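The structure displayed is predicted, hence computed values, not measured ones. Counting begins at 1 with the first residue of the sequence.
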Amino acid sequence: MERLLTPMFDGYDRWRDRAQAWIDETAGKPIRAWIAPVLLAFAATAALVGLLRLLLAAAVGFGPFGRWAVVAVIGTLAVVMLVVVTRNVVVSLADPSQRRLLLIALITSGAGILASVQAVVALTIALSDDPPPLWTIERFYLWRLVGSVPLLDIPARLEWAEPPVLPGLAGHVLELAFILVVIPPLVRVGIALYGQAEDRAREREYSEALAHRFRARRLWSSLADPRLTTIAAGAGAGWALVELYRHTPTRILSLTTLVGVVVAAALALVAAVAVRWMYDVLSEQAALITLACAALLVWLDSPARRLLLPSAGPFGAWEKLGVTLAVWLVLLLIVLVFLWSDPEFLEALLAFTLVIGFLGGDAPAAVWLHHHATWQPWGLPLDQLLITAGRWFTVAFLVHLVWAVIRRQPILGHADYGDTAGGLRQDLRAYLLRAVHLVIAAAAALTLLRSAHAATGSAPVAGPWTEASQALTAAAWHVVDSLPGPDVTEILDWRLTADVTGRWAGLVVILAVGATVLLVALPMVRTVALWARLTAGRPRSSEALASVPGAVADDLAAVVAHLEGVAAAGEPRFTLVPRARRVPFGRRVDLVTPTGTAGRRLVQAELNMATLVRLFGHESGWYQAADRAFAATARAFGAHGQSAFPRLDAGRRQDTVAAARAAVDGYAALIVDWRAAWQAGAPGGEPAAVQAQPNEA
């Protein structure tokens with residue numbers, strides 16, 4: 001028995017040690033590196049759930065004893081998994097440095113949640129005299145689980161309802177136990193994961209904001225890239241030509257096709273010019289644009305007029321002219337003082353105009369083109385080409401806006417020229433306008449769903465309303481009504497008279513609310529926190545600025561220590577395998593797939609050098625010092641996939657490693673001295689010794 005068990009336990013110990021080392025290594029990486037192991041764990045969880053479902057399917061035919069035995073087995077597994085998840089996530093919340101525990105909790109969370117669902121299903125089967133089908137029970141508890149997500153109200157918006165699977169008091173108690181026992185661990189995991197990601201993002205933004213204060217700044221701008229909208233306009237006209245072939249006997253090789261291609265190319269050119277014109281020309285027309293907005297507000301019956309000007313409805317023409325003039329002056333003052341300098345404001349106006357003008361079966365611009373662009377050269381429906389090109393252009397412009405919301409770069413600390421309060425105001429205004437962009441994009445999606453008969457309107461279009469304006473009102477109402485805090489719609493007595501309903505419409509609203517929270521609300525909170533840290537002094541500035549240079553120094557020091565050991569032994573003990581795909585930043589040394597820890601540390605130092613350039617620039621003292629240290633270490637380590645010590649004599653080996661040690665120690669000493677000077681209150685953003693000789697080596 002000893003001869004049989006000892007190798008087995010030794011193998012288990014080796015496997016456990018490798019697993020622990022892998023967890024420690026993965027936990028130290030950015031959270032995006034956790035995606036692969038988490039997905040692998042979820043795949044294993046799916047296999048486990050499949051086995052449990054087979055056991056549950058068999059339990060339906062068991063007697064009472066067999067059913068409760070299945071409950072005991074699955075319940076024990078669920079309890080163990082939930083305890084593991086809860087324990088690890090609670091410790092990681094109490095001590096954020098315990099990233100490995102959060103990784104373990106995240107890996108096991110899927111198994112814990114789904115095993116708990118299966119345990120509740122087993123209890124339902126055991127307590128029921130005539131249990132419903134297995135999928136019906138699982139669907140009910142999944143419905144309860146999804147319904148617990150705050151703010152989104154997923155079941156109602158998706159029109160998803162499930163009947164109770166266990167009647168009576170036992171069913172209600174079991175449902176309550178499921179909500180209280182299963183959902184809190186999931187919430188804790190989400191909070192801990194968001195906290196880790198938020199801390200990393202906050203520290204990264206703080207480091208970048210501080211770094212930008214010590215190097216040349218660039219003006220911040222936001223201009224639309226015309227390529228997407230250009231392609232969309234031309235493709236829209238081409239699609240209209242394809243529709244002509246499908247529904248009429250028009251031949252492909254004909255004058256109609258030639259004219260259609262010419263029109264499509266012309267529309268693409270017009271779209272490219274229009275994007276620049278919208279930003280260059282319309283940005284100078286604040287008075288005209290605000291006058292048009294004031295006229296629409298006063299003369300058009302809309303929820304905005306009912307809310308802001310409730311008594312303007314029965315006014316006569318002269319009274320409305322006077323009110324229009326007054327509203328115009330107020331709007332002009334507000335826009336010029338607070339909003340006109342933000343490019344997001346003009347983008348919101350353009351997006352609103354395009355959506356109202358082109359989307360929907362009753363869009364004003366589309367109707368006007370249909371009635372006035374009646375010329376059909378060689379049978380080509382010019383109006384249809386223009387309408388389709390306009391719609392595709394609108395969708396492409398909205399895609400650009402949504403992508404800009406996701407990729408927006410902060411102004412605070414980057415392009416505010418030291419005016420921290422000004423940068424804060426610009427960022428907050430921009431995020432609010434980005435929320436308007438998301439609402440307009442959601443309204444466009446609702447309008448397109450309605451045109452495709454995938455959603456329906458709860459009230460017929462009447463008066464000045466169009467499908468797009470109804471969808472815009474519905475999207476704005478749902479987003480505002482779903483946000484936490486005060487019940488804005490109730491306070492303002494804002495009632496939704498016309499809605500866009502259907503499961504696809506509910507999904508659009510869910511995405512709009514989630515995107516508003518993730519891309520607008522949370523970045524606004526982070527921006528305020530960043531502003532507070534930038535204006536509160538320098539208690540953590542040295543660590544924030546020196547974190548990346550310090551990481552480079554640590555990696556290079558580890559490589560040099562390894563080289564010293566190898567040089568003392570007199571022979572190389574590692575090789576490098578050239579990598580098939582080179583990382584673009586590698587210039588002095590090929591980034592490789594190393595076979596040892598020292599090689600990985602050198603690669604990581606090379607990647608952090610790219611981060612130094614992004615933070616401080618090539619001319620920065622930080623980068624110049626790190627460049628000298630890295631170059632000396634790379635010379636000692638070897639380059640281009642060759643052995644680190646290619647048959648040199650012992651003296652030359654020692655000289656090479658000694659030069660690397662001197663360069664790395666000098667770089668590390670600069671970081672230590674700079675940290676001490678910063679903590680002592682000395683001004684400056686880079687090491688003084690480096691600034692004295694910025695162009696060395």
With rounding to the nearest 0.5 angstrom, report the CD1 to OG1 distance, Ile440 to Thr394.
11.5 Å

Would you call the rings of Phe393 and Phe397 parallel, tilted or perpendicular, taking 30° and 60° as the class edges?
parallel

Which of these, Asp362, Thr447, Leu472, sits in a side-chain contact (heavy atoms from CB on, under 4.5 Å) with Thr466?
Asp362

With Arg503, which residues qualify under salt bridge (Lys or Arg N to Asp or Glu O under 4.0 Å), at least two apart?
none

Please determine whether side-chain contact (heavy atoms from CB on, under 4.5 Å) holds for the pair Leu432 and Leu428, giving the CA-CA distance in whole Å, both sets of side-chain angles, and the decisive distance to 0.1 Å.
CA-CA 6 Å; Leu432 288 175; Leu428 294 182; 5.6 Å; no

Do Phe358 and Leu369 have side chains that approach each other closer than 4.5 Å (heavy atoms only, starting at C-beta)?
yes

Counting N and O atoms only, with roles assigned by atom type, does the side chain of His437 sit under 3.5 Å from a partner on the main chain of Glu347, one being a donor and the other an acceptor?
no

What I'd like to find out is whether the side chain of Asp153 reaches to under 4.5 Å of the side chain of Ser482, using heavy atoms alone.
no

Interatomic spacing from OH in Tyr141 to CD1 in Ile137 - rounded to 0.5 Å
7.5 Å

Nearest heavy atoms of Leu385 and Leu241, plus distance in Å
CD1-N, 4.5 Å

Backbone N or O of Ile406 within a donor-acceptor pair of the Arg434 side chain at under 3.5 Å?
no

For Ala389 and Leu267, the nearest pair of non-hydrogen atoms, with its separation, is CB-CD1, 3.6 Å

Mind checking the OG1-OH spacing from Thr516 to Tyr431? Nearest 0.5 Å is all I need.
14.0 Å

Please give me the minimum heavy-atom distance between Ala475 and Leu446, naming the atom from each residue.
CB-CD1, 4.2 Å

When you look at Arg391 and Val395, which way does the side-chain contact (heavy atoms from CB on, under 4.5 Å) test go after all the steps?
CA-CA 6 Å; Arg391 288 172 176 169; Val395 173; 5.7 Å; no

Should we count CH2 of Trp239 as having more than 12 external heavy atoms under 6.0 Å?
no

Note, Leu449 side chain near Val500 side chain (heavy atom, < 4.5 Å)
no

Heavy-atom side-chain proximity of Phe345 to Arg429 below 4.5 angstrom
no

Nearest-0.5 Å distance, CD1 of residue Ile387 to CG of residue Leu382
10.0 Å

Please check if the number of heavy atoms outside Phe352 that lie under 6.0 Å from its CZ is greater than 12.
no

For Arg157, salt bridge (Lys or Arg N to Asp or Glu O under 4.0 Å) partners two or more places apart
none

How close do Gly361 and Ser451 get, heavy atom to heavy atom, and via which atoms?
N-OG, 4.2 Å

Looking at Trp160 and Ile154, would you say the former's side chain and the latter's main chain have a donor-acceptor pair under 3.5 Å?
no

How would you list, by chain and number, every residue that makes a ring pair (Phe, Tyr, Trp, His ring centres under 6.0 Å) with Trp368, sequence neighbours excluded?
His372

Between the CG atom in Leu176 and the CZ atom in Arg144, the distance rounded to the nearest 0.5 Å is 10.0 Å

Only counting residues at least two apart or in another chain, list the ones meeting salt bridge (Lys or Arg N to Asp or Glu O under 4.0 Å) with Glu159.
none

Can you give me every donor-acceptor pair (side chain of residues 504-512, partner residue at least two apart or in another chain, under 3.5 Å) with its distance?
none

Return the set of residues passing side chain to side chain donor-acceptor pair (under 3.5 Å) with Asp499 (not counting sequence neighbours), or none when no residue passes.
His478

Ignoring hydrogens, what is the shortest heavy-atom contact between Leu359 and Ala468? Give both atom names and the distance.
O-CB, 3.7 Å

Identify the heavy atoms of Ala268 and Thr230 that sit nearest to each other, and give their distance.
O-CG2, 3.2 Å

Could you tell me if the side chain of Trp392 sits less than 4.5 Å from the side chain of Ile231, heavy atoms only?
no

Decide side-chain contact (heavy atoms from CB on, under 4.5 Å) for His400 and Trp403; before the verdict, give the C-alpha distance in whole Å, the side-chain angles of both, and the deciding distance to 0.1 Å.
CA-CA 5 Å; His400 157 74; Trp403 182 247; 5.8 Å; no

Between atom CZ of Arg246 and atom CD of Glu243, what is the distance when rounded to the nearest 0.5 Å?
4.5 Å

Could you walk me through whether Val528 and Met524 pass the side-chain contact (heavy atoms from CB on, under 4.5 Å) test, one step at a time?
CA-CA 6 Å; Val528 174; Met524 289 179 70; 5.7 Å; no

Would you check if Asp427 and Trp531 make a side-chain contact, meaning some heavy-atom pair closer than 4.5 Å?
no

